[in-house]
Amino acid sequence: MKLNFGIAVASNRQLAELPVAGKFDFLELPSVSRIQPDFILPQAWKRRFMRVSCRAETRTLGVLIDAGSSMTKEFYRVFSAGCTEFAKLGAKEISLGIDWENVFNDEKFSASLSDILRCCYGIIYRNTLIPVIELRVPGIAAGNIERFLRFRNRLLIPARTLVDLHPHEPGALELFERFAAEAPFECSRVRVSFDAAGGNYLTAKLLEKIISGIHRVGAETPDICFYPGRTADRAVFAALETVIS
């Protein structure tokens, strides 16, 4: 099965240290990149820029539930400006992190967050971007597949799923395997997150186990995005190219 391999960076410093595209098919940037003064999208990566990750906004979305209208409007204004700018740069998708713990344990939080997400997705669509929901593995949502699907479907928005897999955490691969078996159509996009500086390494054998859970959806080519942590450097990115060879 053909796969697209991508790289996710945590900072503009890492973005500047990326190899010249090389074997990577696409790039994922954090939403905070654009508001930093040193943000420059290298020429070699402009055509491969695919996804914006809004993991940093996960807590903000939760805060909005009890926030006043002025704060909420300001968030939507800033979020809209970000979507517009990233769309102009060539992004195709934007993912939102979700506080699944509160979604599953607090019905009021769940209902309110659904309304906020619908507003966010409306902004995303206006900018011709594809909305994506992040699902951490291991995590409470991956362990409650029916509840995850019920929440996702209740949004009434055709959002896609990005499985944020942390393969070095206990039980992660087993949970991912179970999730992929029960909800295969949610497993065409996977971000492999690990702390390279902390001693976690991605081997070809580990990658093979992850690939076994990837599922093709229609004509789209499934993708795996590598996120080696906030302190990863040029050497780490180069090593990843060796793993996917």
Side-chain angles (χ1 to χ4, degrees), residues 1 3-10 14 24-28 30 50-51 53-59 62 93 95-105 132-152 159-217 221-233 236-237 239-245:
M1 175 175 62
L3 292 169
N4 284 331
F5 291 101
I7 191 74
V9 298
Q14 287 184 336
F24 295 115
D25 300 294
F26 66 92
L27 171 68
E28 176 185 289
M50 185 180 75
R51 183 185 301 132
S53 173
C54 293
R55 279 172 291 180
E57 282 80 355
T58 303
R59 182 172 297 180
E93 301 179 350
S95 68
L96 289 173
I98 293 177
D99 182 354
W100 293 108
E101 191 80 29
N102 276 321
V103 164
F104 283 2
N105 295 322
V132 180
I133 290 178
E134 296 200 13
L135 176 75
R136 193 185 194 282
V137 178
I140 188 172
N144 293 270
I145 299 174
E146 290 185 4
R147 295 183 67 182
F148 160 70
L149 292 175
R150 192 158 58 244
F151 175 85
R152 202 275 315 273
R160 299 173 181 177
T161 301
L162 172 64
V163 177
D164 185 24
L165 176 63
H166 296 249
H168 296 91
E169 294 187 11
L173 290 177
E174 292 79 5
L175 183 57
F176 175 59
E177 182 179 348
R178 188 162 69 249
F179 183 83
E182 295 187 36
F185 291 103
E186 307 301 325
C187 294
S188 64
R189 286 169 171 75
V190 176
R191 181 196 296 126
V192 182
S193 298
F194 58 102
D195 180 15
N200 291 329
Y201 299 99
L202 184 66
T203 63
K205 185 175 182 180
L206 178 56
L207 182 57
E208 286 180 9
K209 291 183 179 180
I210 295 171
I211 291 175
S212 66
I214 305 294
H215 186 78
R216 178 182 295 278
V217 180
T221 302
D223 66 60
I224 296 180
C225 185
F226 301 112
Y227 176 64
R230 300 186 63 83
T231 57
D233 56 19
V236 172
F237 298 132
L240 285 173
E241 287 194 303
T242 303
V243 174
I244 64 177
S245 296

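All figures in this text were calculated on a predicted structure; none of them were measured in a lab.
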For [X], side chain to side chain contact (heavy atoms under 4.5 Å, CB included) partners two or more places apart:
{"X": "T231", "value": "D195, A197"}
{"X": "A8", "value": "E28, C225, Y227"}
{"X": "Y201", "value": "none"}
{"X": "P167", "value": "L165, L173, V192, L206, I210"}

Subject >> Residue list, side-chain hydrogen bond (donor to acceptor under 3.5 Å, both in side chains) with N4, at least two apart or on another chain >> reply: none

Sequence neighbours excluded, which residues qualify as salt bridge (charged side-chain N to carboxylate O under 4.0 Å, His left out) partners of [X]?
{"X": "E57", "value": "none"}
{"X": "D99", "value": "none"}
{"X": "E169", "value": "R136"}

Original post:
What residues, two or more places apart in sequence or in another chain, satisfy ring pair (Phe, Tyr, Trp, His ring centres under 6.0 Å) together with F5?
Top reply: F226

Subject >> Partners meeting ring pair (Phe, Tyr, Trp, His ring centres under 6.0 Å) with F194 (sequence neighbours left out) >> reply: none

Original post:
What pairs meet the salt bridge (charged side-chain N to carboxylate O under 4.0 Å, His left out) rule with one or both residues in residues 202-213, with sequence neighbours excluded?
Top reply: none

Which donor-acceptor pairs under 3.5 Å do the side chains of residues 139-147 make with protein atoms, sequence neighbours left out?
residue : atom : partner : partner atom : Å
N144    : ND2  : I140    : O            : 2.7
R147    : NH2  : F104    : O            : 2.4

**OP:** Search all heavy atoms of L175 against all heavy atoms of P138 and return the closest pair with its distance.
**Re:** CD2-CA, 3.7 Å

